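Encoded as structure tokens, the structure appears first; notes follow it.
Just so you know, these numbers use all the heavy atoms, side chains as well, and skip hydrogens, waters and symmetry mates. Model, not experiment: these values are computed from the prediction.
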Amino acid sequence: MAVEHGLKPEEYEKILSLIGRVPTLTELGIFSAMWNEHCSYKSSKIHLKTLPTKGPQVICGPGENAGVVDIGDGLAVVFKMESHNHPSFIEPYQGAATGVGGILRDVFTMGARPIAALNALRFGAPDHPRTRHLVAGVVEGIGGYGNAFGVPTVGGEVNFHPRYNGNILVNAMAVGIAPADRIFYSAASGVGNPIVYLGSKTGRDGIHGASMASQEFDDATEEKRPTVQVGDPFSEKLLLEACLELMATDAVIAIQDMGAAGLTCSAVEMGAKGNLGVRLDLEHVPCRETGMTPYEMMLSESQERMLMVLRPGREEVAEAIFRKYGLDFAVVGHTTDDKRFRICMNGAEYADLPIKELGDEAPEYDRPWTAPAAPAPLGEVAPVRDLGETLLTLIGSPDLCSRRWVWEQYDHLVQGNTLVRPGGDAAVVRIEGTRKALGVTCDVTPRYVEADPRIGGAQAVAETFRNLCAVGAKPLAITDNLNFGNPERPEIMGQFVAAIRGIGEACSALDTPVVSGNVSLYNETQGRAILPTPAIGAVGLIADCDRIATVPFKAAGAAIVLIGA
Amino acid sequence: MKARVHITLKTGVLDPQGKAIGKALGTLGFEGVGEVRQGKLIEIELAETDPARAEASVRDMCEKLLANTVIEKYDVELVG
Amino acid sequence: MKARVHITLKTGVLDPQGKAIGKALGTLGFEGVGEVRQGKLIEIELAETDPARAEASVRDMCEKLLANTVIEKYDVELVG
Amino acid sequence: MKAVVVVFPGTNRERDVAAAIVRAGGKAEFVWHDETALPRADLIVLPGGFAHGDYLRCGAMAARSAVIPEVIRRAGAGVPVLGICNGFQVLTETGLLPGALLRNAGLKFICRDVHLRVETVRSGFTQAYAQGQVLRVPVAHHDGNYFADADTIARLKDEDRVAFRYCDADGAITAAANPNGSLENIAGILNERRNVLGMMPHPENLTDPAQGGTDGLGLFRSLVETVA
Ligand SMILES: Nc1ncnc2c1ncn2[C@@H]1O[C@H](COP(=O)(O)OP(=O)(O)O)[C@@H](O)[C@H]1O
């Protein structure tokens with residue numbers, strides 16, 4: 001059963017020695033959710049620690065739901081990129097849609113109203129039988145969610161390569177603005193404070209989704225699908241408005257969105273970060289299915305839900321706000337001082353686990369890795385006879401042709417602040433109430449990373465940096481979404497380590513610290529990994545929105561200048 | 001021959017549309033309204049005249065295109 | 001008692017979704033496919049036990065909300 | 001000019017249109033959909049978005065909101081009512097405007113600039129434009145395909161109630177210029193009394209040079225001038 005839950009034998013042994021007995025089914029589910037790669041970062045933490053995360057502009061670096069950077073005028077930009085790769089391969093529309101939903105929540109759970117969204121998409125070869133279906137579904141899903149929610153989707157990238165045939169990548173990025181002195185964090189504080197469930201009801205969606213994200217696909221993939229998360233952007237929009245309204249009062253002590261492994265992950269993290277225990281009484285969890293077991297409630301990945309630690313005495317005020325928006329509000333537990341994670345239902349106890357070892361003291365691995373081999377020399381490139389024809393071939397190729405088909409399906413104008421639309425190097429979004437604007441972009445060239453992960457990682461950062469400079473923005477910080485193959489293979493781990501090294505070096509040299517990010521591993525099918533794809537999302541500041549540069553040539557007879565060798 | 005296909009969300013899949021419709025009916029004063037589910041109706045004119053073959057063909061259409069079998073189920077009815 | 005409501009576009013209203021489905025079925029190799037129309041299926045659980053009253057009520061729901069009678073027509077079927 | 005902008009759950013362009021109104025010299029106030037009373041208003045706006053998630057049909061639930069009977073009453077009393085995109089859908093669902101908005105003929109959501117030809121200047125919304133003037137404004141919708149039966153279309157034309165048509169940059173009404181399959185390239189229409197306008201494109205998103213153009217400003221200026 002441990003294997004079915006994605007736990008390795010050593011991990012199961014560790015559980016036994018940690019709690020001194022055989023775990024209950026609910027406890028097994030909780031460990032499997034918290035200790036899988038997606039939630040625990042067990043293979044990557046040790047290397048991510050080497051990334052530069054500090055700077056005078058950084059208010060909050062990695063470790064929270066999103067990164068927070070000061071942009072002056074009392075404001076902060078809050079942003080992050082996150083992957084939803086495996087679900088999108090199985091159910092492209094809902095997978096992509098819920099990916100967008102998840103990242104938007106990560107931003108507004110910190111108190112920031114989302115003002116821009118981007119997405120980095122990687123698909124298999126254009127003529128692969130599944131590609132068309134996946135492209136159509138993913139783009140429609142991103143548009144379907146983002147457009148209805150009301151955030152402009154202003155940028156991104158789309159690549160095609162056979163190495164993604166069995167593993168597409170859907171990385172969604174969100175950018176929001178918040179008052180710099182009203183950022184909300186997830187660490188619980190205060191003993192005996194109410195833990196409150198907010199948003200949509202819980203159903204049986206996506207149970208085992210977090211575990212699935214950490215397993216490779218094999219021929220039995222088609223059977224891994226029964227529970228897919230289904231998103232409702234309308235509920236998310238209501239949740240956004242309700243949360244922002246609540247955050248304007250003093251009722252919120254800590255808040256976290258429910259993403260992968262829903263209630264389990266959010267409750268454990270809030271408690272562990274605050275060095276507190278958590279006790280949940282599941283009979284109070286609003287359910288939309290009958291007869292849900294504690295196991296199901298703890299692992300459900302129903303969307304559009306948040307978990308909050310509430311200031312005692314504010315229950316009525318808070319509940320009224322959520323009822324106004326037609327959302328559920330329920331006190332489902334309270335914080336304790338014993339650093340235990342206890343799950344009860346109708347008086348019976350189903351789990352009693354040490355909270356730190358589930359959360360920030362979960363296993364960390366230093367997986368063996370081999371340094372990547374030097375790339376083979378390129379060799380001779382035949383001289384081109386017909387430049388015109390070659391040019392047409394190039395700009396008509398899948399990786400260089402216009403992406404208009406994609407971004408015209410995204411509402412990139414809602415909120416009325418889009419100053420530079422998709423199509424250029426970076427999009428620009430105005431910041432209301434100021435003269436400022438933000439440049440936003442995401443980029444990586446996976447075949448460079450494949451050839452030389454260290455240089456490829458650095459190049460990705462450098463390219464986003466240049467994209468921002470090209471619109472007149474001063475790059476402030478980056479978020480990184482690292483998509484790699486199976487980390488248990490030393491050569492893959494080697495790519496990962498080298499890419500992180502390159503990213504770190506570039507960030508240091510360019511003064512763009514990493515303030516948030518995501519890691520997606522096990523992107524492999526039948527032993528063949530994707531191209532190593534460390535997608536970088538970057539944000540820059542434009543001090544005066546009248547001083548923006550754009551791509552199109554403006555007048556005949558002007559000089560064209562090439563800068564750099 | 002005409003085939004009538006009903007495509008509905010599998011039990012347990014979130015149906016915010018159905019819920020909203022139910023709520024709106026309540027607001028409009030209709031009483032005794034329980035669960036509401038919204039699905040698709042697809043009507044297909046077929047040249048095929050043999051009912052068994054027609055049905056098999058339409059079920060195949062459902063599996064391959066009409067239904068998203070990850071989250072939807074279908075039933076087929078032949079008319080005329 | 002359960003009511004099954006079919007909501008379809010009136011004849012004369014173009015149905016590009018239906019047309020696209022027909023085209024896709026052809027591309028997938030299905031032959032003998034004529035016109036395809038896509039509509040909605042709305043299933044409503046009713047507390048009402050008298051069939052005549054239930055049907056009248058549901059027809060009223062259609063007139064007031066479920067169908068946009070400018071472009072849609074509806075039919076009501078009671079089940080169980 | 002004081003505008004009241006109705007906000008439904010799921011509305012997402014209320015701030016866009018309020019900003020446009022302010023740029024044109026007016027003032028804007030928001031009213032939540034479940035209010036039954038409306039403050040004094042020179043203009044009522046139903047903005048763009050996905051009211052009630054577009055469940056059942058676009059604008060269907062919103063049209064049955066508590067605030068709508070008062071909107072209908074004000075329209076009857078001659079107050080200008082502007083429905084943009086989702087707002088146009090709500091207006092057809094309430095019966096304040098004829099016809100319906102169907103799924104785009106291309107079946108995809110479409111967000112890009114289009115050109116509109118001003119078909120009539122006999123309305124408070126368009127009197128600041130010139131007859132036949134070509135405007136550039138963006139669209140952003142999935143269900144903007146205007147449909148009405150033949151009699152209704154004939155009436156709209158006879159009564160000079162087509163406000164805008166999709167056209168090319170030179171003002172020619174062509175199929176290529178029609179982004180969503182709307183009958184006769186109709187992008188916006190007026191009611192009989194000419195005080196209710198529904199349109200699918202988003203003039204509010206092109207009212208500031210920083211947004212890339214100001215062709216949309218004329219509509220809001222028209223209204224400010226009419227009221228003054
Ligand atoms: N998935 C997407 N969503 C939105 N915009 C996209 C997407 N893919 C590409 N774009 C936009 O298309 C343009 C061209 O993309 P690309 O060639 O990747 O740009 P870059 O110059 O950053 O490499 C960019 O403006 C980009 O934002």
Side-chain angles (χ1 to χ4, degrees), chain A residues 113-115 136 139-154 231-242 324-327 404-423 428-430 432-433 435 437 542 544-548 550, chain D residues 7-23 30 32-34 47-56 58 61-62 84-86 104 106-114 137-143 179-180 201-213 216:
Chain A
R113 179 177 286 276
I115 61 164
V139 172
E140 212 185 322
I142 291 171
Y145 204 101
N147 301 345
F149 176 82
V151 65
T153 302
V154 295
D232 176 16
F234 174 58
S235 287
E236 180 115 324
K237 164 76 168 162
L238 298 176
L239 186 63
L240 165 74
E241 299 302 339
K324 165 175 150 197
Y325 286 100
L327 298 168
R404 189 176 282 274
W405 183 91
V406 173
W407 44 265
E408 282 187 352
Q409 292 184 55
Y410 302 152
D411 188 340
H412 46 270
L413 300 175
V414 60
Q415 299 188 22
N417 290 319
T418 305
L419 305 185
V420 177
R421 302 185 189 184
V428 177
V429 179
R430 169 171 53 193
E432 270 177 43
R435 298 269 327 144
I542 294 167
D544 183 341
C545 60
D546 281 341
R547 302 182 75 81
I548 296 173
T550 57
Chain D
V7 180
F8 302 96
T11 292
N12 62 32
R13 267 185 167 77
E14 71 276 26
R15 289 146 64 124
D16 304 35
V17 76
I21 289 167
V22 166
R23 272 175 215 128
F30 298 121
W32 188 235
H33 71 115
D34 65 0
F50 286 74
H52 297 276
D54 275 358
Y55 293 146
L56 185 62
C58 300
M61 310 271 181
I84 299 175
C85 197
N86 196 208
N104 291 346
L107 300 181
K108 301 238 173 260
F109 186 97
I110 191 158
C111 176
R112 64 173 170 84
D113 282 350
V114 298
V137 274
V139 294
H141 57 246
H142 210 161
D143 304 273
N180 52 36
H202 287 283
E204 74 277 25
N205 281 151
L206 223 64
T207 53
D208 180 347
Q211 289 172 329

Any side-chain heavy-atom pair from A:Y410 and D:C111 closer than 4.5 angstrom? no
About how many Å separate CH2 of D:W32 and NZ of A:K324, when rounded to the nearest 0.5 Å? 6.0 Å
Checking heavy atoms, do the side chain of D:A210, its backbone, both or neither come under 4.5 Å from chain A? both
Out of A:R404, A:H412, A:E140, A:E236, which one racks up the most heavy-atom pairs below 4.5 Å with chain D? A:H412
Selection from D:H142, D:H202, D:E14, D:H52 maximising heavy-atom pairs under 4.5 Å formed with chain A: D:H52
If you take all heavy atoms of D:T11 and A:K237, which pair is closest and at what distance? O-CE, 3.3 Å
Rounded to the nearest 0.5 Å, what's the gap from CG on A:D232 to OH on D:Y55? Could you check? 3.0 Å
Within a strict 4.5 Å, meaning less than it, do heavy atoms of the A:E241 and D:V7 side chains meet? no
D:D16 and A:L413: which non-hydrogen atoms are nearest, and at how many Å? OD2-O, 3.9 Å
Main chain of D:K108, side chain of A:Q409: is a donor-acceptor contact present, judged purely on distance under 3.5 Å? no
To the closest 0.5 Å, what do you measure between CG (A:L419) and CG (D:D208)? 8.0 Å
Using non-hydrogen atoms only, which part of A:R430 is less than 4.5 Å away from chain D: side chain, backbone, both, or neither? side chain
Where on A:L238 is there a heavy atom nearer than 4.5 Å to chain D: the side chain, the backbone, both, or neither? side chain
Tell me, side chain or backbone of A:E432 under 4.5 Å from chain D's heavy atoms, or both, or neither? side chain
Inter-residue atom distance A:N417.CG - D:N205.CG, 0.5 Å rounding: 9.5 Å
A:R435 atom CZ: more than 12 heavy-atom contacts under 6.0 Å: yes
Which answer fits D:N104, side chain, backbone, both or neither, if we ask what part of it has an atom under 4.5 Å from a heavy atom of chain A? neither
So does A:N147 get a backbone contact from the side chain of D:N12, meaning a donor-acceptor N/O pair under 3.5 Å? yes
